[in-house]
4 protein chains.
Amino acid sequence: MQFDKNKPIYLQIKREIKERIVRKEIKKELPTVRNLAKEVGVNPNTVARAYRDLERDNITGSRVGKGTWVKGRAYSKLQKEMVEEIVDDFIQSLYSLGLTLKEIKEIVEEIDD
Amino acid sequence: MQFDKNKPIYLQIKREIKERIVRKEIKKELPTVRNLAKEVGVNPNTVARAYRDLERDNITGSRVGKGTWVKGRAYSKLQKEMVEEIVDDFIQSLYSLGLTLKEIKEIVEEIDD
Amino acid sequence: MQFDKNKPIYLQIKREIKERIVRKEIKKELPTVRNLAKEVGVNPNTVARAYRDLERDNITGSRVGKGTWVKGRAYSKLQKEMVEEIVDDFIQSLYSLGLTLKEIKEIVEEIDD
Amino acid sequence: MQFDKNKPIYLQIKREIKERIVRKEIKKELPTVRNLAKEVGVNPNTVARAYRDLERDNITGSRVGKGTWVKGRAYSKLQKEMVEEIVDDFIQSLYSLGLTLKEIKEIVEEIDD
DNA sequence: GTGGTCTAGACCACG
DNA sequence: GTGGTCTAGACCACA
């Protein structure tokens with residue numbers, strides 16, 4: 001995995017996990033701390049910190065000896081929350097530049113990539 | 001001014017200035033370092049650093065005793081650059097969640113705020 | 001049964017058993033390891049560990065083929081010990097916040113739940 | 001500072017800080033991470049973790065280069081929250097042993113330590 | 001084998 | 001000088 005060196009790695013891992021959950025690549029069990037650490041090439045502590053954050057946000061649960069898993073209702077909640085946040089930030093950012101909602105919609109309509 | 005504590009203040013000030021330029025609230029003269037520092041409630045050093053960055057990015061020019069001003073072609077360049085970056089990030093973020101361009105456009109169309 | 005994830009399950013089970021003894025819901029015979037494991041939804045090993053602890057603390061006795069039982073004087077001893085510990089912890093915790101015994105007593109008097 | 005080896009040190013530090021705030025021994029500025037680490041004899045990372053937790057709980061704020069401080073309304077909120085939690089736990093624990101509110105109140109009235 | 005905690009030591013950018 | 005991040009490596013108790 002490639003990391004943006006300007007952002008904390010543990011936050012990038014956290015986001016990656018959340019995206020995998022929303023894309024349904026992770027349905028229940030998360031990789032173990034050590035396995036993911038090896039996979040992405042970082043220290044296990046760094047992955048553990050991302051996992052701690054996810055659990056604090058009520059997205060995952062864990063138990064020593066049992067592993068880490070996605071909580072029951074996390075998927076649908078996550079999907080909705082993340083899309084909303086991204087859209088809100090987008091609108092807000094363009095508002096800050098003085099664009100109107102009409103102009104924003106026109107810009108998006110013309111995207112063809 | 002409210003600052004997001006996860007991002008360096010000097011970068012938030014820099015962005016604020018750029019937004020004011022794009023919104024044409026600043027047309028030529030920037031506030032003095034001291035005045036802006038007082039206005040947003042931070043150390044003058046922090047504002048000075050933002051100003052240094054803006055000059056390095058060729059957006060502003062300055063001379064001792066003459067203050068700081070927006071360079072000639074900065075406005076149109078800035079406007080285009082910032083909008084592009086915001087839109088690209090937006091599309092990329094939703095792609096990462098598995099959405100298609102069609103779905104993204106539908107979401108934006110339905111915004112009514 | 002609901003478990004506090006910050007405490008070892010076997011300790012929570014141990015406590016649950018002790019509470020049942022003090023509440024006289026268990027007078028002599030303890031449930032078998034397997035039955036209790038099924039009842040509370042954990043691995044029998046975890047229950048077995050709790051039972052081992054109880055026996056080590058001289059609260060229960062067991063013999064193969066005869067099951068596990070509460071020892072003769074355990075009830076009154078347990079009752080006294082547990083209440084004392086809870087009360088001491090309570091007083092100590094409020095002392096740590098700077099409250100006086102008088103204030104603590106007033107708080108308790110006003111409870112009406 | 002003495003630590004209970006059965007509980008995570010960072011949680012004990014967190015609690016200690018909260019108690020100091022409620023007792024008004026800390027009014028605004030917290031000790032720096034490194035100073036507190038030296039004072040209590042643990043690794044700075046351990047103190048940093050406690051501080052992170054406090055900030056997550058909206059009790060403190062911090063900035064790199066500026067230090068850590070108690071947030072404006074944290075004191076009164078903390079005082080109330082901590083007392084409530086301790087009292088609730090106390091009542092709940094004795095309920096679990098089968099005591100009635102009347103019995104609990106009698107026990108507390110008789111404390112003379 | 002699992003997550004959790006802790007130490008030691010390093011580096012970084014902010015203010 | 002400050003908090004924040006990261007690595008390396010160790011130990012622990014739980015399941």
Side-chain angles (χ1 to χ4, degrees), chain A residues 3-14 29-37 40-56 60-69, chain B residues 3 5-13 37 41-50 53, chain C residues 3 5-13 37 41-50 53, chain D residues 3-14 29-38 40-55 60-69:
Chain A
F3 293 111
D4 176 344
K5 63 168 284 245
N6 294 313
K7 296 170 193 161
I9 296 178
Y10 79 92
L11 286 181
Q12 297 180 56
I13 292 175
K14 186 183 170 187
E29 307 291 336
L30 272 70
T32 67
V33 169
R34 287 168 179 81
N35 281 347
L36 183 54
V40 300
V42 300
N43 189 285
N45 280 329
T46 306
V47 172
R49 186 164 176 191
Y51 276 29
R52 233 182 290 135
D53 250 39
L54 287 166
E55 189 158 355
R56 185 196 71 185
T60 58
S62 70
R63 260 199 191 286
V64 176
K66 241 192 115 185
T68 307
W69 58 88
Chain B
F3 295 108
K5 88 144 264 185
N6 295 311
K7 296 169 192 161
I9 294 180
Y10 81 96
L11 284 182
Q12 298 181 57
I13 290 175
V42 301
N43 192 297
N45 287 333
T46 309
V47 173
R49 180 158 183 191
D53 254 40
Chain C
F3 295 108
K5 87 144 267 185
N6 295 311
K7 296 170 193 162
I9 295 180
Y10 81 95
L11 285 182
Q12 297 181 57
I13 291 175
V42 300
N43 192 295
N45 287 332
T46 308
V47 173
R49 180 157 181 192
D53 254 40
Chain D
F3 294 110
D4 177 345
K5 64 168 282 246
N6 294 313
K7 296 171 192 162
I9 295 177
Y10 78 93
L11 286 182
Q12 298 180 56
I13 292 175
K14 186 183 170 187
E29 308 290 337
L30 271 70
T32 66
V33 169
R34 288 168 178 82
N35 281 348
L36 184 54
K38 205 174 286 178
V40 300
V42 300
N43 189 286
N45 281 328
T46 307
V47 173
R49 185 164 178 190
Y51 276 30
R52 233 182 289 135
D53 250 40
L54 287 166
E55 190 158 355
T60 58
S62 70
R63 265 202 187 281
V64 176
K66 239 191 115 185
T68 307
W69 59 87

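Every chain is numbered from 1 and lettered A, B, ... according to where its sequence line falls, protein lines coming before strand lines.
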Student: Mapping D:Lys66 and A:Pro44 onto DNA chain F by nearest heavy atom, which one lands closer to the 5' end?
Tutor: D:Lys66

Student: Categorize B:Tyr10 for me: base, sugar-phosphate, or nothing, with a 4.0 angstrom heavy-atom threshold over every strand shown.
Tutor: sugar-phosphate

Student: Quick check: on DNA chain E, is the nucleotide nearest D:Arg34 upstream (toward 5') of the one nearest D:Asn43, or the reverse? Name the residue that is more 5'.
Tutor: D:Asn43

Student: With sequence neighbours left out, what residues match D:Lys7 under side chain to side chain donor-acceptor pair (under 3.5 Å)?
Tutor: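 D:Lys7: no side chain to side chain donor-acceptor pair (under 3.5 Å) contacts found.
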
Student: Please name all residues satisfying side chain to side chain donor-acceptor pair (under 3.5 Å) with D:Glu55, sequence neighbours left out, ordered by chain then number.
Tutor: B:Lys5, D:Ser62

Student: Under 4.0 Å, counting only non-hydrogen atoms across every strand here, what does C:Lys7 touch: a base, just sugar-phosphate, or nothing?
Tutor: nothing

Student: Give the stems involving DNA chain F, where a stem is 3 or more consecutive Watson-Crick or G-U wobble pairs (i with j, i+1 with j-1, and so on) under 3.5 Å.
Tutor: E:1-14 with F:1-14

Student: Sequence neighbours left out, what passes side chain to side chain donor-acceptor pair (under 3.5 Å) with A:Arg49? Give chain and number order.
Tutor: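 Scan of A:Arg49 (side chain to side chain donor-acceptor pair (under 3.5 Å), adjacent residues dropped) gives A:Tyr10.
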
Student: Under the rule for salt bridge (charged side-chain N to carboxylate O under 4.0 Å, His left out), what residues qualify as partners of A:Arg56, not counting sequence neighbours?
Tutor: A:Asp53

Student: Just verifying a value: how many Å separate A:Thr68 OG1 and A:Leu54 CG, rounded to the nearest 0.5 Å?
Tutor: 9.0 Å

Student: For A:Asn45, what residues pass the side chain to side chain contact (heavy atoms under 4.5 Å, CB included) criterion, not counting sequence neighbours?
Tutor: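 Applying side chain to side chain contact (heavy atoms under 4.5 Å, CB included) to A:Asn45 gives A:Asn43.
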
Student: If you pin B:Pro8 and D:Thr46 to their nearest nucleotides in DNA chain E, which one's is more 5'?
Tutor: D:Thr46

Student: Could you give the start and end, 5' to 3', of the contact zone on DNA chain F for chain A, using atoms under 4.0 Å from its heavy atoms?
Tutor: F:dT5 to F:dA15

